[in-house]
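So the structure is just underneath, and the comments pick up after that.
Quantities reported herein were computed from a predicted structural model and do not represent experimental measurements. Numbers here simply count residues along the sequence, with the first being 1.
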Amino acid sequence: MSESIDIEVVLALPGECLRRHIRLNTPASAAVALQASGLDRAYRERVGEDTPPLGVYGRKIKPDYLLKSGDRLEIYRPLTADPRQRRRARADARRRGETADSDDSGSG
């Protein structure tokens with residue numbers, strides 16, 4: 001007799017988060033859970049790629065990773081912007097703002 005596990009599958013999209021709670025027989029891989037949740041289709045429809053990167057609680061995993069009861073399988077989508085470039089842009093904007101403030105205070 002096989003044991004069953006309960007897991008949550010999550011796909012975060014801009015403006016919404018899709019969640020599915022599913023029960024699977026063990027052993028259950030991440031690929032099986034993804035397909036059982038139906039969120040693989042939602043990913044393909046919204047992102048346009050076939051195979052999404054996966055993780056469990058923020059740690060990247062391979063599709064053959066065996067899940068444990070209580071795991072949260074996360075479906076990662078491509079980044080829309082490079083985080084390093086975004087940080088640089090924010091820092092540059094802050095520097096420009098600080099420079100503008102210091103110039104204004106000395107002119108009057």
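- The number of heavy-atom neighbours closer than 6.0 Å to CZ of Arg44, taken from other residues, nucleotides and ligands shown, is above 12.
- Remark: the backbone N or O of Leu39 is paired with a side-chain donor or acceptor of Ser37 at under 3.5 angstrom.
- When every heavy atom of Leu34 is checked against every heavy atom of Pro52, the shortest pair comes out as CD2-CG, 3.8 Å.
- Between Arg46 and Glu16 there is a salt bridge, since at least one side-chain N of the basic residue sits less than 4.0 Å from a carboxylate O of the acidic one.
- Between Arg20 and Glu8, no side-chain nitrogen of the basic residue sits less than 4.0 Å from a carboxylate oxygen of the acidic one, so the salt-bridge criterion is not met.
- Taken to the nearest 0.5 Å, the CG atom of Leu66 stands 8.5 Å off from the CD1 atom of Ile5.
- Side-chain atoms of Glu45 and Tyr43 include no donor-acceptor pair closer than 3.5 Å.
- In terms of heavy atoms, Glu74 sits closest to Gly58 at OE1-N, 2.8 Å.
- Residue pairs meeting the salt bridge (Lys or Arg N to Asp or Glu O under 4.0 Å) criterion with at least one partner in residues 28-39, sequence neighbours excluded, do not occur; the list is empty.
- Of all non-hydrogen atoms in Pro63 and Ser29, the two that sit nearest each other are O-CB, 3.5 Å.
- Ile22 has its side chain within reach of Ile7: a pair of non-hydrogen atoms, C-beta onward, lies under 4.5 Å apart.
- Using a 4.5 Å heavy-atom cutoff, the side chains of Tyr76 and Leu54 are not in contact.
- When all heavy atoms of Leu67 and Ala33 are compared, the closest pair comes out as CD1-CB, 3.5 Å.
- Contact between Leu73 and Ala30 at its shortest, heavy atoms only, is CD2-O, 3.6 Å.
- Counting only heavy atoms from C-beta outward, the side chains of Arg72 and Val10 approach each other to under 4.5 Å.
- With rounding to the nearest 0.5 Å, the separation of CZ in Arg77 from CG in Leu11 is 8.0 Å.
- Within a 6.0 Å sphere centred on CZ of Arg86, other residues, nucleotides and ligands contribute 12 heavy atoms or fewer.
- Across Tyr65 and Val56, no two heavy atoms sit closer than the pair CE2-CG2, 3.9 Å.
- The distance from the CG atom of Asp40 to the CD1 atom of Ile75 is 7.5 Å, given to the nearest 0.5 Å.
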